[in-house]
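Single-structure report; data block below.
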There are 2 protein chains.
Amino acid sequence: MKPLAKPVEELPREQLPHHEDPRCVPVRRLLQTVGSKWCSLVVAHLEYEPRRFSDLKRSIGGVTQKSLTATLRELEKDGLVNRVVTPSIPPRVDYSLTPLGRTLLVPLKALTNWAIENEAAVSSARERFERENGPD
Amino acid sequence: MKPLAKPVEELPREQLPHHEDPRCVPVRRLLQTVGSKWCSLVVAHLEYEPRRFSDLKRSIGGVTQKSLTATLRELEKDGLVNRVVTPSIPPRVDYSLTPLGRTLLVPLKALTNWAIENEAAVSSARERFERENGPD
DNA sequence: CGGAATCCTTCACGATACTG
DNA sequence: CAGTATCGTGAAGGATTCCG
């Protein structure tokens with residue numbers, strides 16, 4: 001049998017990123033940001049239209065004002081979310097996705113869709129794991 | 001001027017997930033898993049070939065045995081990683097991606113690529129934010 | 001070699017109260 | 001309305017030690 005083009009063992013392992021690789025820094029920061037408890041819901045709720053703070057808080061539900069503020073600040077820092085203050089009485093603050101934030105939407109939705117599509121496979125894997133290794 | 005098909009205000013806001021929406025559960029679990037400190041590096045190092053524990057630990061670098069074990073266990077629970085024990089002396093344990101884990105690779109790499117491609121935009125946004133709101 | 005067990009620090013997040 | 005300030009908690013992660 002003819003050998004394949006290149007045995008797996010000879011693939012460029014030395015190109016794999018060490019944890020000090022500079023490319024790891026932005027990747028880890030992004031993943032930790034989107035992995036924070038409320039980030040994905042906030043982004044989802046900003047997809048179609050700008051939203052006011054308490055509007056966002058009410059329609060997401062279960063989030064404290066502090067956590068929502070922190071999540072929005074983090075997204076604002078990264079240039080993903082725009083914050084527009086209208087100094088009226090009562091004050092009004094609108095949040096929306098920036099163009100940069102919109103480009104993130106594509107790969108982020110791909111990942112969340114994976115989670116939904118493979119939910120059954122993952123949870124049955126977890127049940128199997130608990131059967132074999134104890135429910136500790 | 002002819003009105004567009006549907007004003008933004010009439011988009012299906014009621015379809016946006018409330019935090020108690022059952023679909024949120026697997027999404028948040030996955031995002032938190034991939035957002036954990038070492039997950040992305042571990043998955044990247046398993047992409048091309050199975051790896052032994054200390055091999056993995058050495059080539060990733062900077063990770064403690066405890067954190068590496070915890071990360072691998074979590075991935076194993078979710079059915080993304082396979083753990084194969086060879087009871088020799090000294091013992092040998094090989095980790096590899098399952099077929100399910102391989103399918104995750106696609107959307108996950110899309111997201112990490114976004115982070116790398118937009119690193120400049122994000123970090124300049126952060127600098128701007130600090131200039132305007134103080135480096136506190 | 002591949003862990004488990006233990007201790008310790010940090011930090012994300014929630015609850016609550018107060019303010020321009 | 002849209003925050004800030006403060007306090008308390010659990011969970012994540014690091015350092016170290018011991019084991020089959």
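Naming convention: chains lettered A, B, ... in sequence-line order (proteins, then strands); numbering from 1 in each chain. Basis for what follows: all heavy atoms, side chains included, without hydrogens, waters or symmetry-related copies.
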Donor on one side chain, acceptor on other, B:Y95 and B:R51, under 3.5 Å: no

[X] side chain N/O closer than 4.0 Å to the phosphate oxygens (OP1, OP2) of [N]?
X	N	answer
B:R83	C:dG3	yes
B:R92	C:dG2	no
B:R73	C:dG3	yes

A:K37 side chain near A:S67 side chain, heavy-atom distance below 4.5 Å: no

Keeping [X] on the side-chain end and [Y] on the backbone end, is there a donor-acceptor pair under 3.5 Å?
X	Y	result
A:H45	A:L56	no
B:K57	B:V63	yes
A:N118	A:W114	yes
B:D21	B:R23	yes
A:S88	A:P90	yes

B:D78/A:R126 ion pair, N-O < 4.0 Å: yes

Heavy atoms of other groups near B:R102 CZ, more than 12 under 6.0 Å: yes

A:L104, A:N82, A:L75, A:V81 screened by side-chain contact (heavy atoms from CB on, under 4.5 Å) with A:T98, the one that passes: A:N82

B/S/- contact track for nucleotides 9-20 of chain C, protein heavy atom under 4.0 Å: ----BBBBB--B

Whole-Å distance separating the CG atom of B:L56 from the P atom of C:dG3: 11 Å

Overall bend - the helix from C:dC1-D:dG20 to C:dG20-D:dC1, comparing terminal axes fitted on five pairs, nearest 10 degrees: 40°

Terminal contacting nucleotides, 5' and 3', DNA chain D versus chain A (heavy atom, 4.0 Å): D:dC1 to D:dC7

